[in-house]
Amino acid sequence: MRSGEAFIHHVITMSGAKAKSVFRATRICPCDLSSELGYISAMKILGIETSCDETAAAIVEGDGAGAGQILSNVVLSQLNDHRPFGGVVPEIAARAHLDHLDAIIARAVAEADLSLNAIDGIAATSGPGLIGGVHVGSMTAKAMASARGLPFIAVNHLEAHALTARLTDGVAFPYLLLLVSGGHCQLLAVEGLGQYSLLGTTIDDAIGEAFDKTAKLLGLGFPGGPAVQDAASRGDPKRFKLPRPLKGREGCDFSFSGLKTAVRQTALKLDTPTAGQDIDDLAASFQSAVCDTVADRCRNAFTQFEDKLGVTPPALVAAGGVAANLALRAILEDICTAGNIRLVVPPPALCTDNAAMVAWAGLERLHAGLTSPLNFQPRPRWPLAELRAAE
Ligand code: KG4
Ligand code: ZN
């Protein structure tokens with residue numbers, strides 16, 4: 001929604017009485033105002049991320065044109081709290097966010113060498129995700145925004161992943177997005193802020209889920225993705241013939257459950273299923289099958305993107321935790337080189353969950369004049385393709 005009140009607070013913070021009077025008269029957004037006044041409005045946004053098992057806060061600065069600057073990026077991982085359970089326990093996650101979020105925010109502010117007075121808006125992941133944690137982050141952001149008279153921006157976690165390449169590399173719209181995380185595996189055409197068209201999605205498991213379940217099956221521990229990658233680095237990817245689900249078929253959908261079953265059956269046939277080299281080879285064969293499948297689906301997406309938008313994708317952007325996988329990056333590099341398409345993959349620490357991406361998404365929205373009401377209801381489910389710029 002467009003919130004005039006929110007802009008007023010923002011403008012008062014930034015530029016004093018003249019800006020305030022211009023703004024009150026016209027009720028335009030800060031970027032319109034800045035061009036009227038002849039300056040570029042660099043904003044500083046505090047972002048909060050609590051949708052899964054990372055408690056994170058960050059401050060990002062940008063003027064809405066080109067890449068941004070990360071002033072601080074603090075991530076507290078709850079891995080040790082969840083490891084004994086072999087996965088994330090929602091209740092433990094929510095309580096841990098509650099225990100630590102205030103200190104993490106204070107640290108993000110201190111590391112940016114700022115006072116809270118310098119902040120122009122507060123953004124928090126407000127879905128999709130584990131709803132207890134999402135409430136903790138959203139309520140904290142709303143309370144701070146309300147107390148300090150700042151705009152609140154409810155950020156869709158997937159949009160935050162989707163826009164990260166604009167923060168790191170200033171990638172322009174439109175682009176093709178491969179969103180690969182613990183809960184998703186999707187290909188989307190990104191035409192602008194809030195404008196996402198779904199080209200393909202998984203018909204069963206998410207890709208990160210496939211990595212995590214395979215790691216569990218192979219006794220590699222938690223979290224699964226990095227553990228599989230590590231084992232695979234010592235293994236032979238050609239030793240086991242595993243299926244490449246949907247490879248060669250039309251469309252851009254994904255499937256991973258058959259591959260997971262094939263890994264289980266292969267592991268059962270091994271004489272020493274928990275021994276080192278067998279596990280490493282199986283992990284490498286699994287990772288190679290996943291990479292082949294993703295590459296095949298991306299090639300189809302190049303064509304679908306062109307059919308839809310009338311241009312070859314100027315860039316393929318990979319986002320989400322699984323985009324941290326080095327073998328996946330390598331195969332994406334190959335197909336993009338062959339298709340003469342720019343590949344943009346943010347650094348691993350900005351692929352996995354973090355608050356810099358949330359602050360950036362908040363900054364992009366605030367620059368576009370989009371803020372959220374303080375009664376915004378956090379959403380456990382919030383598909384990107386249903387997100388409109390005006391939400
Ligand atoms: O985006 P993310 O941090 O959280 C969600 O929003 O889901 O993604 C987490 C997922 C987990 O499934 C994790 O195992 C996977 O990303 N992951 C990886 C790697 N690093 C994280 N998967 C494969 N290779 C990696 N290096
Ligand atoms: Zn994520």
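Numbering of ligands and ligand atoms starts at 1, following listing order.
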Within the structure, does [X] bring an N/O atom to less than 3.5 angstrom of an N/O atom in ligand 1?
{"X": "Asn325", "answer": "yes"}
{"X": "His157", "answer": "yes"}
{"X": "Gly208", "answer": "yes"}
{"X": "Gly225", "answer": "yes"}

Shortest protein contact, [atom] (heavy atom only):
{"atom": "atom 2 (P) of ligand 1", "result": "Asp353 OD1, 3.3 Å"}
{"atom": "atom 9 (C) of ligand 1", "result": "Gly182 N, 3.7 Å"}
{"atom": "atom 14 (O) of ligand 1", "result": "Asp212 OD1, 2.7 Å"}
{"atom": "atom 26 (N) of ligand 1", "result": "Gln229 OE1, 3.3 Å"}
{"atom": "atom 1 (O) of ligand 1", "result": "Gly321 N, 3.0 Å"}

**Study point:** ligand 1 contact by Pro226, heavy-atom criterion under 4.0 angstrom
**Key:** yes
Review point. If you measure from each heavy atom of Gly183 to ligand 1, is any distance below 4.0 Å?
Key: yes
Heavy atom under 4.0 Å from ligand 1: found in [X]'s side chain, backbone, both, or neither?
{"X": "Val322", "answer": "both"}
{"X": "His184", "answer": "neither"}
{"X": "His161", "answer": "side chain"}

Show me the donor-acceptor pairs within less than 3.5 Å that the side chains of residues 341-362 make with the rest of the protein, sequence neighbours left out.
from, atom 1, to, atom 2, distance (Å)
Thr352, OG1, Pro348, O, 3.3
Asp353, OD1, His157, NE2, 3.0
Asp353, OD1, His161, NE2, 3.0
Asn354, OD1, Ala356, N, 3.0
Asn354, OD1, Met357, N, 2.9
Asn354, ND2, Leu350, O, 3.2
Asn354, ND2, Thr352, O, 2.8
Trp360, NE1, Leu163, O, 3.4
Trp360, NE1, Glu364, OE2, 2.8

Pair [X] + [Y]: basic N to acidic O under 4.0 Å:
{"X": "Lys213", "Y": "Asp205", "result": "yes"}
{"X": "Glu209", "Y": "Lys260", "result": "no"}
{"X": "Arg249", "Y": "Asp253", "result": "no"}
{"X": "Asp292", "Y": "Arg244", "result": "yes"}

Tell me which donor-acceptor pairs under 3.5 Å the side chains of residues 102-116 have, and how far apart each pair is, sequence neighbours excluded?
from, atom 1, to, atom 2, distance (Å)
Arg107, NE, Glu111, OE2, 3.0
Ser115, OG, Asn117, N, 3.0

Would you give me the side-chain donor-acceptor pairs under 3.5 Å for residues 136-143, sequence neighbours excluded?
from, atom 1, to, atom 2, distance (Å)
Ser138, OG, Thr125, O, 3.3
Ser138, OG, Ser126, OG, 3.1
Ser138, OG, Val134, O, 2.9
Thr140, OG1, Val136, O, 2.7
Lys142, NZ, Leu374, O, 3.2
Lys142, NZ, Phe376, O, 2.6

Check your understanding: Are there any protein N/O/S atoms under 2.8 Å from the Zn ion (ligand 2), and if so, which?
Key -> His157 NE2, His161 NE2, Asp353 OD1
Practice item. Tell me whether the centres of the aromatic rings in Tyr175 and Phe305 are closer together than 6.0 Å. Key: no
